[in-house]
Protein chains: 2
Amino acid sequence: MAGVRARQKEKTRRALIDAALNQLSAEISFSSLSLREVAREAQIAPTSFYRHFQNMEELGLTLVDEGGLALRQLLRQSRQRIDSGGSIIRVSLETFIYFVTHHSSVFRLLLQERSGTSREFRDAVAREIDHFKSELADYLMAERKMPRRLAELQSDAIVRVVFSAGADALDLEDDAKLRLMEQTIVQVRMVARGAQTFMGDDQILPASVHIPAKPDHSS
Amino acid sequence: MAGVRARQKEKTRRALIDAALNQLSAEISFSSLSLREVAREAQIAPTSFYRHFQNMEELGLTLVDEGGLALRQLLRQSRQRIDSGGSIIRVSLETFIYFVTHHSSVFRLLLQERSGTSREFRDAVAREIDHFKSELADYLMAERKMPRRLAELQSDAIVRVVFSAGADALDLEDDAKLRLMEQTIVQVRMVARGAQTFMGDDQILPASVHIPAKPDHSS
DNA sequence: ACATTGAGCGAACACTTGTAAGCTGAAAGT
DNA sequence: ACTTTCAGCTTACAAGTGTTCGCTCAATGT
């Protein structure tokens with residue numbers, strides 16, 4: 001196994017994925033991408049595309065999955081490096097800004113498809129974002145001894161603020177980007193301090209916090 | 001003046017705007033809208049479109065402006081109704097949810113074009129959002145006696161959280177939407193309380209907070 | 001050695017798209 | 001009364017789109 005044939009297939013599959021990623025830019029969104037152009041850049045005939053994906057949507061979902069996974073791994077790594085001192089908020093945000101800057105096409109994709117026209121896309125992105133939330137909430141519960149509901153509420157707010165700031169960062173020069181990051185760090189601290197003030201009163205929290213659009217079956 | 005001719009022109013201009021708004025939905029974004037279809041729904045020949053707008057982008061910018069204005073007016077109204085008791089946070093969020101629910105096409109437009117492929121669109125939406133931020137910051141400075149920088153930081157965070165929640169609300173049933181709103185209210189309170197804890201220390205704030213992508217020349 | 005599989009191809013189909021050119025006819029200006 | 005203006009029209013074109021069909025031919029299975 002790992003036959004010549006299977007290896008070649010995987011190769012052109014990647015070529016398609018890379019071609020799509022390559023064409024994505026500030027001016028070209030995924031939905032404005034055409035099957036033919038992607039195939040052209042991947043150096044295959046338009047019709048051969050169907051040997052790898054049923055349609056463009058399937059390719060897009062692959063990109064979302066890969067992109068979300070990449071960001072999550074990056075964040076997980078930097079969180080592990082924390083133990084050797086340093087603010088977790090600052091390090092996480094630096095990592096995040098790094099991702100936004102150096103994988104901007106992927107981040108733009110997540111951002112756009114989050115409120116795009118395909119329900120499947122939206123759910124896929126929501127799932128990725130849910131992962132971030134959960135991992136952050138787990139951290140808060142373990143590290144800061146927070147009750148689950150409060151931790152989830154807080155991490156939800158933080159993820160919203162950070163992603164929104166990331167969206168703005170896409171259009172900024174390096175120095176403005178850094179200033180935005182500093183601002184965001186303070187805002188995250190604001191949320192954190194605000195959450196602390198709720199540590200006593202359980203009843204002020206709404207009954208249910210987690211509203212999944214669809215059950216999640218991934219790892 | 002107010003001649004027959006000008007009145008008729010204004011009428012079909014509105015027909016075009018309404019046709020575009022009408023076609024926008026969860027499945028159809030503005031960028032996937034075609035000039036021909038819009039013209040068809042407005043009952044004019046495709047080429048006549050150009051008598052009113054230079055291209056689709058110009059139509060879109062009109063929609064963004066009108067939509068942003070509508071939301072701002074709604075929020076301003078509800079803020080005035082506050083004096084007669086009631087939490088400003090709750091009332092504003094109820095108003096916001098109302099807008100998201102009953103003008104979902106417009107809100108979706110703002111949301112999508114915020115990180116869309118046209119720089120002009122992005123700037124236009126950023127301008128609208130800046131208005132919200134400023135009006136909220138003004139309120140916080142006047143009502144809560146906050147220093148400008150802290151008020152801006154706080155309102156920026158709040159607008160980010162609320163808009164992000166609004167995006168999620170688009171896909172939810174009525175009851176889930178209400179629960180999300182309650183959750184968001186708590187999160188906004190978290191931000192507000194957190195901001196309060198910064199009331200003393202001025203130096204912890206980053207030097208510059210406001211990073212305009214482009215100067216704003218609107219009212 | 002021989003049969004099967006399947007990635008990749010070229011040609012073709014049926015559409016849709018934006019937009020240019022030039023005409024018509026009623027409203028507006030003089 | 002005569003001219004100018006201009007919103008809206010018809011016709012036309014060139015360029016792109018996704019997708020079907022049936023072929024080739026090297027890698028694979030037996």
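Lettering of chains follows the sequences in order, A, B, ..., and the numbering in each one begins at 1. None of the values given here were measured: they were computed from a predicted structure.
For Gln8(A) and dG8(C), the shortest distance from a side-chain N or O to OP1 or OP2 is below 4.0 Å. Phosphate contact (OP1/OP2 of dG8(D), side-chain N/O of Gln43(B), threshold under 4.0 Å): absent. A sub-4.0 Å separation between OP1 or OP2 of dG8(C) and a side-chain N or O of Thr12(A) is present. At least one side-chain nitrogen or oxygen of Ser48(B) sits closer than 4.0 Å to the OP1 or OP2 atom of dC9(D). Taking only side-chain nitrogens and oxygens, Ser34(B) never comes nearer than 4.0 Å to OP1 or OP2 of dT16(C).
Formation of a donor-acceptor pair under 3.5 Å by the Gln112(A) side chain with backbone atoms of Ser29(A) is not found in this model.
Ring centers of Phe132(A) and Phe96(A): at least 6.0 Å apart, outside the cut-off. Taking the six-membered ring wherever Trp is involved, the centroid distance between the rings of Tyr98(B) and His102(B) falls below 6.0 Å. Ring pair Phe99(A)/His103(A): centre-to-centre distance below 6.0 Å.
For Ile44(B), the side-chain atoms get nearest to dC9(D) when compared with the rest of dC9(D), dA27(D), dT19(C). Checked against dA28(C), dA26(D), dG8(D), the side chain of His52(B) finds its nearest nucleotide in dG8(D).
Within the 4.0 angstrom heavy-atom criterion, only backbone atoms of the sugar-phosphate kind lie near Glu37(B); the bases stay farther away. Within the nucleic acid shown, Glu10(B) has no heavy atom closer than 4.0 Å to any nucleic acid atom.
Rounded to whole Å, atom P of dG8(D) lies 8 Å from atom CG of Leu16(B). Distance, Arg36(A) CZ to dT17(C) P: 17 Å, rounded to whole Å. Protein atom CZ of Arg51(B) is 15 Å distant from nucleotide atom P of dT19(C), rounded to whole Å. Atom P of nucleotide dA26(C) and atom CZ of Arg5(B) are separated by 11 Å, given to the nearest angstrom. The distance from atom CG of Asn55(B) to atom P of dT17(C) is 17 Å, rounded to the nearest whole Å. A straight line from OH of Tyr50(B) to P of dA21(C) spans 13 Å, rounded to a whole angstrom. Computed from coordinates, the Lys9(B) NZ to dA7(D) P distance equals 4 Å when rounded to whole Å. Rounded to whole Å, atom P of dT19(C) lies 12 Å from atom CD of Glu57(B).
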- Query: Yes or no on salt bridge (Lys or Arg N to Asp or Glu O under 4.0 Å) for Asp130(A) and Lys133(A), after CA distance, side-chain angles and deciding distance?
  - Reply: CA-CA 5 Å; Asp130(A) 243 42; Lys133(A) 258 194 285 199; 3.6 Å; yes

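Side-chain to base pairing of Thr47(A) with dT20(D): no donor and acceptor N or O lie closer than 3.5 Å to each other.
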